[in-house]
There are 2 protein chains.
Amino acid sequence: MTVTLSDVAARARVSPATVSRVLNGNYPVAAATRERVLRAVDELDYVLNGPASSLAAATSDLVGILVNDIADPFFGIMAGAAQTEIGGQEGAVAPESGRQGSAATGTAGGTAGTASATGGTAGSMAGTVGAASPVGAGRAAGRAGSEKLAVVCNTGGSPERELTYLTLLQRQRAAAVVLTGGALEDPGHIEAMTTKLAKLADAGTRVVLCGRPPLPGSDAAVAALAFDNRGGARRLTEHLLALGHRRIGYVAGPAERTTTRHRLEGHREALAAAGVPEARDAQGRPLTVHGPYTRDAGYTATLELLSRAPELTAVVAANDTVALGACAAVRERGLRIPADVSVAGFDDLPFSVDAVPALTTVRLPLHEAGARAGRLAMGTEAPPPGGVATIGAELKARESTAAPRHA
Amino acid sequence: MTVTLSDVAARARVSPATVSRVLNGNYPVAAATRERVLRAVDELDYVLNGPASSLAAATSDLVGILVNDIADPFFGIMAGAAQTEIGGQEGAVAPESGRQGSAATGTAGGTAGTASATGGTAGSMAGTVGAASPVGAGRAAGRAGSEKLAVVCNTGGSPERELTYLTLLQRQRAAAVVLTGGALEDPGHIEAMTTKLAKLADAGTRVVLCGRPPLPGSDAAVAALAFDNRGGARRLTEHLLALGHRRIGYVAGPAERTTTRHRLEGHREALAAAGVPEARDAQGRPLTVHGPYTRDAGYTATLELLSRAPELTAVVAANDTVALGACAAVRERGLRIPADVSVAGFDDLPFSVDAVPALTTVRLPLHEAGARAGRLAMGTEAPPPGGVATIGAELKARESTAAPRHA
DNA sequence: AGAGCCGTAGCAAGCGCTTTCTACGGGGTA
DNA sequence: TACCCCGTAGAAAGCGCTTGCTACGGCTCT
């Protein structure tokens with residue numbers, strides 16, 4: 001039923017070894033032989049058995065990209081960029097159009113790309129990609145199999161799933177693993193992760209952190225691309241302070257995430273530097289509310305903040321999505337943005353510039369970071385000195401923030 | 001270096017076969033023996049070799065979810081829902097909070113979930129998940145390995161990548177494949193896809209289409225969950241017509257996508273039914289512009305539309321993202337929404353309700369569809385009669401559409 | 001008391017591929 | 001002309017796991 005390597009070998013009148021070598025392109029095979037093999041592959045419509053080859057070679061071409069929430073463009077953009085960098089973009093898409101996140105959707109243009117598929121059984125792509133091209137002449141020395149299968153795994157923010165996926169990837173002997181976004185700060189989980197990642201690295205899996213701070217024990221081997229969340233947050237709050245705000249509410253993310261903590265710390269740094277005390281309500285409770293990174297959390301928290309302290313002149317949100325909810329809450333209270341209350345976000349997701357008023361936020365080069373992580377995972381790019389690189393965060397002051405009325 | 005099954009067997013003083021059976025839990029093993037094995041697994045920190053086991057068992061637990069653009073929540077929501085349904089959510093997260101797409105991000109709450117990990121080498125999860133729990137008493141008959149690794153693959157809308165991923169998944173002997181979103185209508189590509197999917201199905205891979213129309217040759221075996229794009233689009237345009245609009249511009253998606261065509265057809269159906277001719281500019285060219293599903297495309301196209309036909313009173317966009325761009329363009333022209341120009345989207349992505357003014361759109365139950373696709377992929381749910389189910393699309397009339405001024 | 005039987009465990013044969021080592025020609029070199 | 005070496009192909013030994021079949025006690029059944 002299933003066509004195997006030896007079937008191809010038989011048909012091409014060569015040994016299985018030769019077929020394998022043609023497919024992997026890492027051993028000299030005479031041109032004539034190769035053509036014969038390739039033709040047989042095509043005719044039999046042969047597809048390599050991945051597990052078998054991974055087993056024999058003790059490596060696989062799987063690269064896992066872990067994200068906390070696949071429905072959130074924050075992760076989607078990084079994952080997409082990384083995946084593009086990893087999965088060999090045959091189409092050779094143009095670099096980038098301009099807006100971050102404008103992945104290659106659509107691909108409107110024409111029918112061009114599919115042309116080759118018209119006839120029969122379009123491209124078997126058996127072993128090496130491109131191997132199935134018309135058996136014609138001028139094909140260069142069949143590229144080595146740098147073809148990787150980049151897949152993204154959605155942890156949903158659950159530490160168990162994070163670990164489970166890592167184990168599953170370890171089982172598959174993944175070539176690399178990219179962890180995106182903030183990490184959970186629970187000591188137990190950190191230890192478990194450190195152990196697991198060390199084990200993966202030991203086994204030869206390249207581990208890359210993208211938008212996540214390096215591990216405590218800095219196991220080297222694990223390259224980290226960290227966002228300057230603290231610095232960005234500081235500049236954002238400085239901006240607000242410069243506008244004259246003194247009573248600023250803060251809708252933070254989940255309490256145990258590094259991202260949440262760093263942004264909050266940056267915020268507080270700015271306040272401290274300016275000698276402005278953290279805003280508190282009548283009961284003396286700080287005007288900081290934690291919640292998940294969702295629009296609804298922003299909405300709810302802002303409503304609460306506004307009730308507890310009607311005199312608030314600005315609300316800083318954990319990220320743009322949360323900010324959207326905050327805006328909705330502010331409006332529902334009959335207040336105008338930014339006339340009555342300024343609102344700021346973080347990340348500068350694509351929709352932020354289109355919000356009304358356009359959202360003041362902190363831009364994180366998600367696409368760039370993801371691409372770089374992808375290259376690190378491929379081993380295409382040298383890891384940063386010390387294994388850690390910090391990626392800048394740039395303040396984007398737009399219309400959702402302005403001087404408070406009674407400034 | 002690497003711990004193998006026989007190492008565990010040796011340590012537990014049983015045969016490798018027994019260890020395998022303990023791990024797979026599909027063959028009776030005496031409780032005492034099982035405990036011994038489990039302990040050995042734990043002590044040696046054994047991790048199953050995926051490729052080896054897939055090879056021997058001729059199956060794998062990989063499930064691929066193909067999406068056109070991972071940075072687009074439209075896909076993210078479906079993929080997330082499907083993945084949750086597939087990847088066994090141990091955490092038993094609550095059903096759904098209310099807004100679609102609010103995946104389990106954050107996971108704020110407490111530290112609870114991680115508790116078990118504190119000690120040493122938290123959960124090895126070697127074979128069966130849960131197998132590594134404290135070797136104590138009351139563990140039920142170690143569940144069969146229904147554990148699947150759901151991964152999402154980003155095609156970026158490229159037909160070649162779509163085919164490549166399918167081949168890669170075929171190589172891995174994937175247990176199932178879920179294809180989300182509109183399909184390309186190029187004849188060559190359709191044929192290639194049909195062939196490829198048939199081959200996958202033949203090989204025992206479950207194939208599910210989610211938000212995509214069934215294949216032409218309706219190969220059965222392939223379950224399809226199609227959105228009623230046509231009906232939704234028709235109702236949307238009917239809504240506009242009812243408000244009194246007669247000159248409606250249309251910013252369509254890429255020309256060769258099923259989604260694009262169906263929505264456009266629904267739009268035209270409504271016009272035809274109302275006896276309203278399709279809007280045209282002074283030169284008689286129809287006011288329909290094609291472009292990718294991006295914000296920028298919507299922006300550019302709308303600018304063009306407005307230039308060619310300043311008398312336009314409404315713009316219908318291919319989807320919400322495009323609509324956002326359209327709104328920006330309308331505003332840039334100094335026009336108000338909906339006073340001067342009404343704008344409508346499609347999909348009802350989470351941000352649409354927060355747009356200002358709130359976007360009139362057509363709601364697609366993305367989460368529900370994704371979850372159902374996930375269940376179909378798992379074989380947990382019976383395929384719809386005929387292999388095809390159409391999922392309704394509901395008009396969401398909000399503030400971005402209103403009667404035209406000179407109605 | 002003898003014959004099955006059931007519950008468990010082990011044996012061993014692969015699964016389909018990669019890769020080391022060996023083999024074989026032919027051409028260049030001495 | 002004889003020797004080597006290079007280029008190319010094949011033989012065969014696994015990679016680590018699954019699973020059909022066999023083996024072997026101890027029980028129940030007659």
Side-chain angles (χ1 to χ4, degrees), chain A residues 1-37 40-41 44 46-61 126-128 131 141-142 144-145 170-173 203-204, chain B residues 1-37 40-41 44 46-61 126-128 131 141-142 144-145 170-173 203-204:
Chain A
M1 183 60 228
T2 317
V3 181
T4 74
L5 232 212
S6 1
D7 294 333
V8 175
R11 182 160 241 261
R13 317 177 118 275
V14 297
S15 73
T18 301
V19 177
S20 171
R21 299 203 260 246
V22 168
L23 262 22
N24 290 300
N26 49 16
Y27 189 90
V29 172
T33 312
R34 175 195 326 235
E35 296 304 353
R36 207 139 33 85
V37 170
V41 162
L44 294 178
Y46 171 68
V47 174
L48 194 66
N49 181 315
S53 98
S54 293
L55 171 58
T59 64
S60 93
D61 49 9
T128 305
Q170 185 181 9
R171 283 237 264 268
Q172 302 303 324
R173 305 297 187 254
Chain B
M1 186 57 232
T2 318
V3 182
T4 73
L5 231 214
S6 3
D7 294 333
V8 175
R11 177 146 222 201
R13 317 178 116 276
V14 297
S15 73
T18 300
V19 177
S20 171
R21 301 204 255 245
V22 167
L23 261 23
N24 290 300
N26 51 13
Y27 190 91
V29 173
T33 311
R34 178 198 324 243
E35 296 304 351
R36 207 138 34 85
V37 170
V41 162
L44 294 176
Y46 171 68
V47 174
L48 193 66
N49 181 315
S53 102
S54 294
L55 172 57
T59 64
S60 93
D61 50 9
T128 305
Q170 185 181 9
R171 282 236 265 266
Q172 301 304 322
R173 305 299 187 251

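So that the names make sense, note that chain A is the first sequence line, chain B the second, and so on, each numbered from 1. Side-chain atoms are counted along with the backbone in the values below, which use heavy atoms only and exclude waters and symmetry mates.
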Name the nucleic acid region contacted by [X], choosing base, sugar-phosphate or nothing; use a 4.0 angstrom heavy-atom cut-off, strictly under.
{"X": "A:V19", "result": "nothing"}
{"X": "A:T2", "result": "nothing"}
{"X": "A:V29", "result": "sugar-phosphate"}

Whole angstrom is fine here: how far is it from [atom1] in [X] over to [atom2] in [N]?
{"X": "B:L5", "N": "D:dT19", "atom1": "CG", "atom2": "C1'", "value": "13 Å"}
{"X": "B:R34", "N": "C:dG7", "atom1": "CZ", "atom2": "C1'", "value": "13 Å"}
{"X": "B:N49", "N": "C:dC15", "atom1": "CG", "atom2": "P", "value": "18 Å"}
{"X": "A:Q172", "N": "D:dC17", "atom1": "CD", "atom2": "P", "value": "13 Å"}
{"X": "B:E35", "N": "C:dA9", "atom1": "CD", "atom2": "C1'", "value": "17 Å"}
{"X": "A:N26", "N": "C:dT20", "atom1": "CG", "atom2": "C1'", "value": "13 Å"}

Which pairs with one or both residues in residues 3-12 of chain B pass salt bridge (charged side-chain N to carboxylate O under 4.0 Å, His left out), sequence neighbours excluded? B:R11-B:E43
Side chains of [X] and [Y] in contact at under 4.5 Å (non-hydrogen atoms):
{"X": "A:R13", "Y": "A:T18", "result": "no"}
{"X": "A:R173", "Y": "B:T2", "result": "yes"}
{"X": "A:D61", "Y": "B:R171", "result": "yes"}

Starting from the 5' end of DNA chain C, give me the residue, B:L55 or A:R21, whose nearest nucleotide shows up first. B:L55
Of B:R173 and B:A17, the one whose closest DNA chain C nucleotide lies more 5':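 That would be B:A17.
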Measure from the side-chain heavy atoms of [X] and tell me the nearest of [options].
{"X": "A:A56", "options": "C:dG16, D:dT18, D:dA9", "answer": "C:dG16"}
{"X": "A:S15", "options": "C:dT19, C:dG10, D:dG10", "answer": "D:dG10"}
{"X": "A:T18", "options": "C:dT18, D:dT19, D:dA9", "answer": "D:dA9"}
{"X": "A:P28", "options": "D:dT8, D:dT18, C:dA9", "answer": "D:dT8"}
{"X": "B:S20", "options": "D:dT19, C:dA9, D:dT8", "answer": "D:dT19"}
{"X": "B:N24", "options": "D:dG16, C:dT18, D:dT18", "answer": "D:dT18"}

In chain order, what residues pass the side-chain contact (heavy atoms from CB on, under 4.5 Å) check against B:S20, with sequence neighbours excluded?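 B:S20 satisfies side-chain contact (heavy atoms from CB on, under 4.5 Å) with B:L5, B:N24 only.
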For B:Y27 and for B:A57, find the nucleotide of DNA chain D with the closest heavy atom, then tell me which residue's nucleotide is more 5'. B:A57
Side-chain N or O of A:S54 versus OP1/OP2 of D:dC15: is the shortest distance under 4.0 Å?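 No, A:S54 has no side-chain N/O under 4.0 Å of OP1/OP2 on D:dC15.
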